[in-house]
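Okay, so here's the structure we're looking at.
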Amino acid sequence: MRKWRDNLTAYSFLAPAMLLTAVFGIFPIGYAVYMSLYRWRLRQGRFKGLDNYLEIVGSWTAAGQFFAGLILLLVAAWVAMLARDFRPQRWFFRLGGLAVAVGAIYLCQRGWGVMMDKGDDDFLQSLITTLYYSLSTVPTQIAIGLGIAYLLFQNIKGKTFFRILYFLPYITPVVAGAVVFRIIFSQRETGLANQFIGFFGIEAQKWLAESTPISELLFGGQIFGWQLEGIWAGPSLALLSIAVFGIWQYAGYNAVILLAGLSAIPRSFYEAAEVDGANRWQIFRSITVPLLSPFIFYLAITGFIGTFQAFNHTYVMRDRFARGTVNVTSVEIFDSFYLQNKFGYAAAESIFLFFIILLLTIANFTIFNRRVVYD
Amino acid sequence: MIKFKPFNLLVYLLLAVGAFFAILPFLWMISTSLMSLGETINKQLIPSQPVSQGVENYQAAWTEGEFSKYFFNSVLITFTTLAGMLLTCVLAAYAFARIQFPGRNILFALLLATMMIPEAVTVIPLIKIIRGEIQLSLGFIFLLLALLGYGIMLWRSKVADYGRNILLGLFSLIALLPFVLKIVPQIQASGFPSSTFLIAKVVLVAIASYLYWQARGKPSIVKASVWLSLVVAIFAIDLAQIIPLASDEGESLHLSNWSMNFLPFGPSWMNTLQGLTVPFMASIFNIFLLRQAFAKVPNELWDAARIDGTGHFRFLWQIMLPINMPVMLTVTLFSFIGAWNAFMWPLLVTTTPRFRPLMVGLWNFVTEAGAETQLLMAASVITIVPILIVFFFTQKYFTEGIASSGLKG
């Protein structure tokens, strides 16, 4: 009797949350898969099977090659990691890993070339743009966050004050912040960014309206006589300006998390190192960073996945003169269904994105998890 | 007493430089919002008449830019979301943390799994739901029910519990209805579809059936009927999707087009308060956080309360919530920020200014204000200030909440 009443209470407590999740959380997932199998402009069209996905990747064999290459790359990393467990044969494992990696990269390159040729190059390019964006923001904001956390951890006064200041960018509404940065990085000579570089005698830049790759702006697109093309030309200045906003917003947040990590390191470790006569840099390098590695790992994963989902600030800071060089994947998907009304196709794109995020998560865990020191 | 050290001086210097860059955009925003149009075009960093010009700019943004309206919309949306969110999440978290009931782990795992799905995937169907464009077919609901039942059955494949089996059987009986009612006469009329999709499904169901028959106890009539009805239900939907009933100007009317006019799959929720708030009322992350906190409360309290004749609801209201005030505050604050800052969803849902919140208003203002940077900056200040005020009063909970919840979540 009591049991029945308990169950009834539990189910009635759960009912609102489960009902909402079912309708607005679970149902849309299934429905997105369903939509992605149809030609679906404004209304539902004919059944297309996997043709929407084929339109994205161009050719199944090329996509297969590309993903096989990615998985091989993981295998290569794993083989190279084995060197730690088999000390005497470590060169064998390292060379083996390297060989697999070279093959994997070749496969990726080959598959990707064909995909770009036959598939939806706007969408595929947006994946590269997102990758540029992640690689330019995540490591930078973690490094800056680490620096701030280290400074804040010192025995100084006014910690709370500084912590509040550093935390402000994180709680600022993304849209409002992005609107401000839009004006700061405007192409006018009186924009704040242009005034700032003018202070160092650099001529005014177009910033958010600049679609030229950064390598071409810096050194004419050549390194030691090599012409940088395609992927290797790097992100556009417009994308980097957006990345500056991302770094500005997340550096303080990373600092707060790393500060919590620093506080968790036992004092005795530092004292022992000081007795042994280690200097500040040695302590930082050999105690602080390794013991912080779970926190850094956490920030890297969430940051990386976050950049693949980030939408608002890129959407607000996007300038039409940047000509698609800032279209990260989420913005590209949004355009597909909001501007072009290609619902079925956009659903296919979003599910493709989901699998990429899944792959990245798995990759992050296999590669980094072994290098992380958990107490 | 901290001694003066040269190293500390360096620390302060670096911290100050960093802090300068962190707040530079704010300073610049405020300073620009106090300038006249002419001053924003010149290379000027400090406004000449901050007070009079500032009053003019902010008044223009507040009244002509309609930011007063957007502001109150934002307040309304934020508080509605918060109220609904707290109610549903607290109840659900309590049930997950304190009550043992059948299906607890499955439901919780299901919730956590949906957290992994990126927003981009769900937003496309969601906007169709809100526009009232999804004419959810009975067949689709049955498909979902059948799959749910089947999933539960496979999950609990070792428990020989006939009560549950009968329940599952009822599920699938409902799923059979369209098959029995409408399709049977049509089967002869049209050939059985043979797509690769169907083959994949057959293979999947075959594997699942094998597992089902392998894993459970000895065969029985109930078991067989559950299996049979579920399998048939799964394929009945295929038939419903593919077999056309009639043709109407080139567009075939499928059985799957039977519309169910219940909310929100009926009337449009575009430009309504419920369309802006209801989809965000069940925050799984918040349920998770609250559950963690509720589970830590010692069981002795519940035993004592029960002896006094207290029920779950009263225990939750009078003991759980007061004890867990810090977590409640953290959850409320983060949800407040999330609701206030929401952009993509309101952008999709509001096509008229009726319920348009600040963020969408600001985005529209970017094109409207054009070259009038000072008005745009004044509008930005209006959107940021409420968040800053909340933050300054509660910053301790913010940083502590992030440092603890961010890592455990």
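Per-residue counts of heavy-atom pairs under 4.5 Å with chain A were compared for B:I284, B:L362, B:T383, B:V90; the largest is that of B:L362. Put simply, of A:F334, A:F181, A:F308, the one with the most heavy-atom pairs under 4.5 Å next to chain B is A:F334. With respect to chain A, the highest number of heavy-atom pairs below 4.5 Å among B:I382, B:V390, B:T373 belongs to B:T373. For chain B, the option among A:L258, A:V175, A:I29 with the highest count of heavy-atom pairs below 4.5 Å is A:V175. Chosen from B:I287, B:L348, B:I337, B:L316, the residue pairing most often with chain A at heavy-atom distances under 4.5 Å is B:L348. Per-residue heavy-atom pair counts under 4.5 Å with chain A were compared for B:S380, B:P25, B:A282, and the maximum is reached by B:P25. Between chain B and the residues A:I351, A:T302, A:V179, A:L165, the most heavy-atom pairs under 4.5 angstrom are made by A:V179. Interface check for chain B: of the options A:A251, A:P173, A:A32, A:S263, the most heavy-atom pairs under 4.5 Å are formed by A:P173. Contacts with chain B were tallied for A:Y170, A:F343, A:Y338; A:F343 has the most, counting heavy-atom pairs under 4.5 Å. The residue among A:Q249, A:Q309, A:E349, A:E189 with the most heavy atom pairs within less than 4.5 Å of chain B is A:Q309.
Only the side chain of A:F162 has a heavy atom closer than 4.5 Å to any heavy atom of chain B. For A:T329, no part sits under 4.5 Å from any heavy atom of chain B, backbone or side chain. Interface remark: A:L358 contributes side-chain atoms only to the contact with chain B (heavy atom separation under 4.5 Å). For a residue to count as touching a neighbouring chain, one of its non-hydrogen atoms must lie under 4.5 Å from one of that chain's; by this rule A:I333 touches chain B with the side chain only.
Using a 30° and 60° split on the angle between ring planes, B:F26 and A:W248 fall in the tilted class, from 30° to 60°. Ring geometry, A:F196 versus B:F21: the interplanar angle exceeds 60°, so the pair is classed perpendicular (tilted spans 30 to 60°).
Contacts of B:Y94 classified as ring pair (Phe, Tyr, Trp, His ring centres under 6.0 Å), with partners at least two apart in sequence or in another chain: A:F13, B:H312.
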List the steps, then state whether side-chain contact (heavy atoms from CB on, under 4.5 Å) holds for B:M116 with A:I357. CA-CA 9 Å; B:M116 266 188 54; A:I357 291 177; over 6 Å; no
Give the table of side-chain donor-acceptor pairs shorter than 3.5 Å for residues 20-27 of chain A, with sequence neighbours excluded, one pair per line with atom names and distance.
from: A:T21; atom 1: OG1; to: A:A17; atom 2: O; distance (Å): 2.6

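Taking each heavy atom of B:A95 and A:L14 in turn, the nearest pair found is CB-CG, 3.9 Å.
A:Y166 places a side-chain N or O within 3.5 Å of a backbone atom of B:L15 that can act as its donor or acceptor partner.
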